[in-house]
Amino acid sequence: MSYYRRRRPAYRKAGYRRPKHNVPVNISEYPDRFEAKVYALGFAKEDISITISDDVMYISGHRKPVDEYPPFILQEYPIKSFERSFELSDHADQDRVSAKMDDGAVLITVMKTSASQKPDVEVDIV
């Protein structure tokens with residue numbers, strides 16, 4: 001027996017739910033909008049759900065399992081499902097959200113509120 005005890009993984013602690021498979025997401029901010037690009041390779045747009053509730057955007061994908069999977073040596077993207085959630089900024093306009101899918105990536109656009117789009121002001125020095 002080793003002198004040092006191995007630590008238990010965080011997901012084995014009581015009350016902690018092990019996360020489902022996650023997909024990579026890139027989030028960008030522009031003067032008039034936020035954009036999130038979700039890389040959901042292998043998922044059809046019918047398999048992906050995007051909902052907003054209490055200032056949190058939930059993105060999930062669920063797919064029916066096939067009868068037989070190939071004998072993977074290494075598997076790095078999810079076969080069955082994924083879940084992601086992001087807290088929205090106070091500047092996000094939840095009524096103006098759009099999404100489109102292109103080449104296995106979902107581009108989600110959240111427009112900013114008009115109050116957050118402040119014009120540049122040039123100040124004259126006297």
Side-chain angles (χ1 to χ4, degrees):
M1 184 171 164
S2 173
Y3 177 76
Y4 296 102
R5 287 174 89 186
R6 296 183 78 194
R7 289 187 141 176
R8 297 175 76 188
Y11 63 83
R12 291 191 181 172
K13 291 181 182 176
Y16 182 83
R17 187 176 138 218
R18 184 177 183 176
K20 292 188 176 188
H21 297 286
N22 283 332
V23 292
V25 176
N26 291 339
I27 299 176
S28 305
E29 182 177 3
Y30 297 97
D32 61 338
R33 70 190 183 283
F34 298 99
E35 285 185 356
K37 193 166 191 179
V38 181
Y39 294 93
L41 298 173
F43 286 85
K45 65 181 179 180
E46 297 81 24
D47 299 332
I48 298 173
S49 171
I50 303 168
T51 57
I52 298 175
S53 176
D54 295 328
D55 296 331
V56 178
M57 180 170 56
Y58 298 95
I59 307 164
S60 62
H62 300 283
R63 180 166 55 178
K64 294 179 184 174
V66 295
D67 293 335
E68 186 176 325
Y69 294 107
F72 291 113
I73 293 174
L74 176 67
Q75 177 191 0
E76 292 191 343
Y77 70 90
I79 290 288
K80 295 178 186 174
S81 63
F82 69 88
E83 285 181 352
R84 297 299 303 263
S85 62
F86 301 96
E87 187 172 337
L88 294 176
S89 165
D90 293 337
H91 303 298
D93 188 351
Q94 296 181 22
D95 296 327
R96 297 190 307 159
V97 178
S98 63
K100 67 178 183 175
M101 187 158 193
D102 186 32
D103 292 334
V106 180
L107 179 65
I108 303 167
T109 304
V110 180
M111 300 305 290
K112 288 185 176 180
T113 59
S114 58
S116 68
Q117 298 176 17
K118 299 177 182 173
D120 294 337
V121 176
E122 188 173 326
V123 178
D124 293 329
I125 301 173
V126 189

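One-based numbering along the sequence shown.
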Q. Should Ile108 and Ile27 be regarded as members of a common hydrophobic cluster, given that ILVMFWY residues are connected when their side-chain heavy atoms come within less than 4.5 Å of each other, either directly or indirectly?
A. yes

Q | Rounded distance [0.5 Å steps], CD1 in Ile52 versus CG in Leu88 | A | 5.5 Å

Could you give the side-chain donor-acceptor pairs of residues 34-49 under 3.5 Å, partners two or more places apart or in another chain?
residue, atom, partner, partner atom, Å
Glu35, OE2, Arg33, NE, 2.8
Glu35, OE2, Arg33, NH2, 3.4
Tyr39, OH, Asn26, ND2, 3.4
Asp47, OD2, Ala44, N, 3.2

Q: Could you tell me the separation between the CG atom of Asp54 and the CD atom of Glu87, rounded to the nearest 0.5 Å?
A: 10.5 Å

Q. Less than 4.5 Å apart, any side-chain heavy atom of Asp55 and any of Gln94?
A. yes

(Q) Would you compute the distance between atom CE of Met57 and atom OG1 of Thr51 and round it to the nearest 0.5 angstrom? (A) 9.5 Å

Q) Val97, Val56: one ILVMFWY side-chain cluster at the under-4.5 Å cut-off? A) no

Q) Quick one: side chain to side chain contact (heavy atoms under 4.5 Å, CB included) partners of Asp93, sequence neighbours excluded? A) Asp95, Arg96, Thr113

(Q) I need the minimum non-hydrogen distance between Pro31 and Lys112, along with the two atoms involved. (A) O-CD, 3.5 Å

